[in-house]
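One structure below.
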Amino acid sequence: DTGVSQDPRHKITKRGQNVTFRCDPISEHNRLYWYRQTLGQGPEFLTYFQNEAQLEKSRLLSDRFSAERPKGSFSTLEIQRTEQGDSAMYLCASSLDHSTDTQYFGPGTRLTVL
Amino acid sequence: KQEVTQIPAALSVPEGENLVLNCSFTDSAIYNLQWFRQDPGKGLTSLLLIQSSQREQTSGRLNASLDKSSGRSTLYIAASQPGDSATYLCAVRQRTNAGKSTFGDGTTLTVKP
């Protein structure tokens, strides 16, 4: 399968702990996106990369959140000092190097903060 | 700021019925509009993408239309089946910020056998 993959699929953590998620995009895709989705809502944009450059960050991405894509391939999203409000599904998507291209989503990482 | 609205929030129909899902957006300066399907607890599956210069796209029993000037898109599903039961989301990508897609909250469709 050559789709977008995310790891882990589920993460349960205690408030105050740090967590890191990984996304592997489709191999030839230059653009990579992170979204957050809570129950009953549509995904909310967090940030996106073109190759290794992080081109935009949403205001939703507080100082506790950081994302990297060091070699323009996989990406990581880290949340420091997690809070209960961080509980959500974190979705990754990728697309070719065109703004008009279809975004392909991974299965998501479900985070539960106790 | 772009806002995307999907009405109704939920829809229940008997198997075999044709149906229309609606998506409206406030800023017509878009690159494209994409329809997705999401099954419970899963990621999003792309159904159709319509570029701003296009009026409609078709795939199998699905047909999506776009009226940019009025800020509306519809997803038509013909001869619905129980396997079509899912949440359908639309997302628009802006010309002013092509990296970001703004999503609606979706319409949850239930097709009864």
Side-chain angles (χ1 to χ4, degrees), chain A residues 1 3-7 9-10 23 25-26 29-51 53-61 67 69 88-112, chain B residues 1-10 21-25 29-54 57 59 64 66 68 73 86-108:
Chain A
D1 185 67
V4 179
S5 62
Q6 293 187 245
D7 184 70
R9 296 291 305 276
H10 303 276
C23 171
I26 294 172
H29 284 186
N30 294 324
R31 286 188 170 217
L32 186 148
Y33 313 80
W34 285 98
Y35 292 85
R36 181 173 69 184
Q37 186 179 27
T38 54
L39 197 62
Q41 308 273 313
E44 295 175 292
F45 171 80
L46 293 178
T47 188
Y48 87 96
F49 294 82
Q50 180 153 333
N51 299 311
Q54 187 174 17
L55 297 186
E56 186 179 357
K57 295 194 298 184
S58 165
R59 287 171 294 176
L60 291 174
L61 220 62
R69 194 182 182 197
M89 176 79 90
Y90 289 83
L91 295 164
C92 175
S94 69
S95 70
L96 284 169
D97 190 17
H98 298 289
S99 302
T100 54
D101 275 344
T102 297
Q103 291 184 72
Y104 294 91
F105 278 78
T109 294
R110 179 164 295 285
L111 173 67
T112 302
Chain B
K1 177 189 171 186
Q2 178 73 272
E3 293 182 1
V4 180
T5 303
Q6 292 186 248
I7 295 174
L21 306 180
N22 298 295
C23 171
S24 61
F25 47 94
I30 64 171
Y31 264 133
N32 58 44
L33 183 145
Q34 195 167 353
W35 281 94
F36 294 89
R37 167 189 174 134
Q38 186 173 33
D39 292 293
K42 302 291 179 62
L44 280 67
T45 301
S46 178
L47 297 174
L48 290 164
L49 181 142
I50 310 177
Q51 305 294 359
S52 61
S53 58
Q54 297 175 321
Q57 283 284 344
S59 176
L66 174 65
K68 208 172 55 167
S73 176
T87 296
Y88 292 81
L89 296 147
C90 68
V92 298
R93 191 176 294 188
Q94 292 298 120
R95 288 195 172 277
T96 53
N97 180 349
K100 170 183 176 178
S101 287
T102 302
F103 281 81
D105 288 336
T107 294
T108 299

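So that the names make sense, note that chain A is the first sequence line, chain B the second, and so on, each numbered from 1. These numbers were taken from a predicted model, which means no experiment stands behind them.
Residues that satisfy the side-chain hydrogen bond (donor to acceptor under 3.5 Å, both in side chains) test with B:T102, not counting sequence neighbours, are absent from this structure.
The two residues A:Q37 and B:L89 come nearest to each other via the heavy atoms NE2-CD1, 4.5 Å. Heavy atoms only, all atoms of each residue included: A:Y35 and B:K100 are closest at OH-C, 4.5 Å. Closest of all the heavy-atom pairs between B:S46 and A:T102 is OG-CG2, 3.4 Å.
Both the backbone and the side chain of B:L44 come within contact range of chain A, judged by heavy atoms closer than 4.5 Å. Within the 4.5 angstrom heavy-atom criterion, only side-chain atoms of A:L91, from C-beta onward, approach chain B. No part of B:Q6 comes within reach of chain A, as not one of its non-hydrogen atoms sits under 4.5 angstrom from that chain.
The number of heavy-atom neighbours closer than 6.0 Å to NZ of A:K57, taken from other residues, nucleotides and ligands shown, is 12 or below.
Note that OG of A:S95 is 9.0 Å distant from CD of B:Q34, once rounded to the nearest 0.5 Å.
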